[in-house]
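Written out below as structure tokens is the structure these notes cover.
Side chains included, hydrogens not; waters and symmetry mates left out as well; all remaining heavy atoms used.
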Amino acid sequence: MAEVSFNIHYEEFSSVKEMDPIDQNLIAAALDARKGSYSPYSHFQVGAALLLADGTIVKGANQENIAYPSGLCAERSAMFAAGANYPDTPMLRLAIAASDHGVLCESPASPCGACRQVMAEYQKKFGQPIQIILVGSKRIRKFQKVEDLLPFIFDSLTID
Ligand code: THU
């Protein structure tokens, strides 16, 4: 028997001004993307902005449905749009910002498990880390790779 522990690393910023210009621009796009949220049931408006290797930014927003499971999170709507429209262009950074009834959350929303699994799939597809930036009004968290949000990713039928 062995005791094993994971060390998960992320950076925490108290203002967007502390971040590099690429992140600042991507965060502005994620905040703007909330305008596309269709969330009449939760009133939780989530915007996502995905930076591709050629500089393209693909936006997404959560889309709800009266049959609840038929909706889709902001992150997946951005990643699937990029996957469909720019299938050969690697995904480098993903910023996510959420508002509750129109007010940006103080602490960032954390992506659901299904979105993390989809991030993992595209990270594997392109063979390079996807950075994830979770935006709140009081704090911003930046992860360097999907493993830092999803340890023990399912990416094969066995684990070593
Ligand atoms: N949602 C997202 O779009 N992304 C997240 O990271 C968390 C949750 C959406 C799904 C649903 O439309 C609403 O937020 C409330 O759960």
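Residue E64 qualifies as enclosed at atom CD: its count of foreign heavy atoms under 6.0 Å is above 12. For F126, the CZ atom counts as densely surrounded, since its 6.0 Å shell holds more than 12 non-hydrogen atoms of other residues, nucleotides or ligands. More than 12 heavy atoms of other shown residues, nucleotides or ligands fall within 6.0 angstrom of atom NZ in K125.
Inter-residue side-chain proximity for I66 and P40 is flagged as unmet; no heavy-atom pair is nearer than 4.5 Å. Looking only at side-chain heavy atoms (C-beta outward), Y10 and L149 stay at 4.5 Å or farther from each other. The shortest side-chain heavy-atom distance between M119 and L150 does not fall under the 4.5 Å cut-off.
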Q: Might you work through the side-chain contact (heavy atoms from CB on, under 4.5 Å) test for K35 and K59, ending with a clear yes or no?
A: CA-CA 10 Å; K35 291 183 199 150; K59 291 180 183 173; over 6 Å; no

Q | Pair T56-N85, side-chain contact (heavy atoms from CB on, under 4.5 Å): steps then yes or no | A | CA-CA 11 Å; T56 301; N85 291 295; over 6 Å; no

Q: Quick one: do Q131 and I22 satisfy side-chain contact (heavy atoms from CB on, under 4.5 Å)? Show the steps, please.
A: CA-CA 12 Å; Q131 298 180 355; I22 295 171; over 6 Å; no

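Here the closest heavy-atom approach between residue A33 and residue A48 is recorded as CB-O, 3.6 Å. The nearest pair of heavy atoms linking Q45 to G102 is OE1-N, 3.0 Å. Smallest separation of non-hydrogen atoms from A30 and A49: N-CB, 3.5 Å. Nearest heavy-atom pair, P111 versus L134, reported as atom, atom and distance to 0.1 Å: CD-CD2, 3.8 Å. Smallest separation of non-hydrogen atoms from C73 and C112: SG-SG, 3.9 Å. Across N65 and Y41, no two heavy atoms sit closer than the pair C-CE1, 3.6 Å.
Linking Ile, Leu, Val, Met, Phe, Trp and Tyr residues whenever their side-chain heavy atoms come within less than 4.5 Å places L31 and I133 in a single cluster. Both Y86 and Y122 belong to a single network of hydrophobic side chains, linked directly or stepwise wherever heavy atoms of I, L, V, M, F, W or Y lie under 4.5 Å apart. Linking ILVMFWY residues whenever their side-chain heavy atoms come closer than 4.5 Å, directly or via other members, leaves F13 and F143 in distinct clusters. V46 and V16 fall into different hydrophobic clusters, where Ile, Leu, Val, Met, Phe, Trp and Tyr side chains are chained together by heavy-atom contacts under 4.5 Å.
We find the OG-CD1 distance between S15 and I140 to be 6.5 Å, quoted to the nearest 0.5 Å. Rounding to the nearest 0.5 Å places CD1 of I153 at 4.5 Å from CD of E147. Here CZ of R139 is found 3.5 Å from OG of S107. Values are rounded to the nearest 0.5 Å. Rounded to the nearest 0.5 angstrom, E75 CD and R116 CZ are separated by 9.5 Å. Separation of atoms CE (M19) and CD1 (I27) is listed at 4.0 Å; rounding is to 0.5 Å. Distance check: M91 CE to E121 CD gives 10.0 Å after rounding to the nearest 0.5 Å.
Of the options V135, L51, L94, L92, a side chain to side chain contact (heavy atoms under 4.5 Å, CB included) to L26 is made by L51 and by none of the others.
Taking the six-membered ring where tryptophan is involved, the planes of F6 and F152 are perpendicular, since the angle between them exceeds 60° and thus also 30°.
Using a distance-only test at 3.5 Å, with no hydrogens or angles considered, a donor-acceptor pair links the side chain of Q123 to the main chain of V146.
The closest side-chain donor-acceptor pair between S77 and Q63, if any, does not fall under 3.5 angstrom.
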